[in-house]
Amino acid sequence: MCRLFGFRSVIQSQVHRSLTEADNALQARSADHPHGWGVAYYVDGTPHVVKSALSAMNDHLFQRVSGVVASETVLAHVRKATHGEISVLNSHPFQHGRWVFAHNGDIPGFDRHRDALMARVAPRLRRYVLGDTDSEVVYFLFLTELQAFGPLNRDVSAEQSMEAMAKAVSTVRAICDDSEAKSLLTLIATNGSTMVATRGGKELFWSSYKTECSERDTCPSFSEVCEAPSTTGFVNHFVVSSEPLSGENVWVELPEDRMVGVDW
């Protein structure tokens, strides 16, 4: 299986501690998830994706990238392979246009079901499935459903993105699941503006405020929602992680088969 980390904020922020230093940081968890890593971050609305087939713990590039990234949106992943060889093509996050995507889980019997799943991917998108993982196929099923709301380069709401994700999950379950095996589909996707996640068999936690922000006296965007649950639905930052990270954030466990997300 794998580990996920997603970050969305109203201001550019560094995520070095979350990726390399905090308890349960991805670099430490890569000791048990050594089959590749990836970090996607956005600059002026455009995703930049750096990936490797090496373990993040032993790869100086992971430390270098984690140390310099400052962005409003970051999605990171460390991989423990189930389907597909260990290669950069199979490392997460996957990217197509503005959207990036990462998966924690497994589709039992994926090799038997791959053709049926690919048949549900929009024809014009199939050519872009470059690796041989179940995760990448799930990603393009999500993009296929997302097209119902217009071109993939346009902004879509969190609700629309979650609807597309739910339909992709339903497609996988209808084709692949049976009484003896259920697909594990914990997913995160973002286009730099919207970020959505679902828990499907592997744990996931989220946070939108802190016990006390260490930058409350200097941050120009500080407000009461930074240190308390929002009563309006608007937040200044949103973090999703496979495990709670040490630090100031207050973490909430996402229930099974539920979704959470933010948009602009």
Side-chain angles (χ1 to χ4, degrees), residues 1-6 24 26 29-40 51 53 55-56 75-87 89-96 99-114 116-118 120-121 129 131-146 161-190 195-206 239-244 253-261:
M1 303 304 169
C2 307
R3 287 294 181 268
L4 307 168
F5 171 82
N24 295 323
L26 290 193
R29 300 302 288 148
S30 68
D32 299 319
H33 302 78
H35 301 140
W37 61 268
V39 177
K51 302 199 290 186
S55 167
L75 179 56
H77 181 276
V78 292
R79 182 183 182 219
K80 185 174 183 179
T82 53
H83 300 288
E85 65 181 11
I86 300 170
S87 71
L89 279 180
N90 289 333
S91 295
H92 309 215
F94 301 101
Q95 181 219 339
H96 180 78
W99 283 94
V100 295
F101 172 96
H103 170 211
N104 181 16
D106 172 50
I107 299 177
F110 170 67
D111 292 340
R112 299 195 314 271
H113 300 298
R114 186 180 192 278
L117 292 171
M118 285 293 293
R120 300 292 293 272
V121 174
V129 180
D132 51 8
T133 65
D134 52 348
S135 307
E136 191 175 14
V137 175
V138 176
Y139 174 39
F140 279 91
L141 288 170
F142 165 69
L143 293 180
T144 295
E145 298 293 348
L146 202 59
S161 302
M162 287 190 279
E163 181 178 336
M165 185 171 281
K167 288 182 177 180
V169 168
S170 294
T171 295
V172 174
R173 297 209 182 286
I175 293 173
C176 303
D177 289 9
D178 56 36
S179 59
E180 297 182 357
K182 183 178 179 180
S183 300
L184 303 177
L185 299 168
T186 295
L187 316 171
I188 303 178
T190 183
M195 177 176 284
V196 296
T198 186
R199 176 176 175 174
K202 301 298 292 183
E203 61 280 355
L204 198 65
F205 297 80
W206 65 279
V239 192
V240 185
S241 178
S242 292
E243 298 165 291
E253 185 170 3
L254 187 65
E256 186 70 11
D257 296 323
R258 295 290 297 277
M259 294 186 171
V260 63

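One is the number of the first residue; the rest follow in order along the sequence.
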Is there a side-chain contact between [X] and [Y] in this structure, where contact means two heavy atoms from C-beta onward sitting under 4.5 Å apart?
| X | Y | value |
| --- | --- | --- |
| Leu204 | Asn104 | no |
| Lys202 | Leu4 | no |
| Val172 | Asp134 | no |
| Phe5 | Val239 | yes |
| Val137 | Phe110 | yes |
| Phe101 | His77 | no |
| Met259 | Val196 | no |

Stepwise, does the side-chain contact (heavy atoms from CB on, under 4.5 Å) test hold for Arg120 with Leu141? CA-CA 7 Å; Arg120 300 292 293 272; Leu141 288 170; 3.7 Å; yes
Using modelled atom types only, decide if a donor and an acceptor are shared between the side chain of [X] and the backbone of [Y] within a distance under 3.5 Å.
| X | Y | answer |
| --- | --- | --- |
| Thr198 | Arg258 | yes |
| Asn90 | Gly131 | no |
| Lys167 | Glu145 | no |

Please report the shortest heavy-atom distance between [X] and [Y], naming the atom on each side.
| X | Y | result |
| --- | --- | --- |
| Phe94 | Lys51 | CD2-NZ, 4.2 Å |
| Leu117 | Cys176 | CD1-SG, 3.8 Å |
| Ala56 | Val78 | CB-CG1, 4.1 Å |
| Ser87 | Arg79 | N-NH1, 4.2 Å |
| Val39 | Pro93 | N-CD, 4.0 Å |
| Trp99 | Ser161 | CH2-OG, 3.6 Å |

Strictly by modelled atom types, are Asp111 and His83 linked by a side-chain donor-acceptor pair under 3.5 Å? no
How many angstroms lie between atom [atom1] of [X] and atom [atom2] of [Y], to the nearest 0.5 angstrom?
| X | Y | atom1 | atom2 | result |
| --- | --- | --- | --- | --- |
| Ile107 | Ser135 | CD1 | OG | 7.5 Å |
| His92 | Arg3 | NE2 | CZ | 13.0 Å |
| His35 | Ile86 | NE2 | CD1 | 4.0 Å |
| Met162 | Leu187 | CE | CG | 13.5 Å |
| Glu136 | Gln95 | CD | CD | 11.5 Å |
| Leu146 | Glu163 | CG | CD | 10.0 Å |

For the rings on Tyr139 and His103, is their centre-to-centre separation under 6.0 Å? no
With sequence neighbours left out, what residues match Arg173 under salt bridge (charged side-chain N to carboxylate O under 4.0 Å, His left out)? Asp177
Go through the structure and list residues passing salt bridge (charged side-chain N to carboxylate O under 4.0 Å, His left out) with Lys182, not counting sequence neighbours. none
For Val240, which of Ile188, Leu254, Thr190 qualifies under side chain to side chain contact (heavy atoms under 4.5 Å, CB included)? Ile188
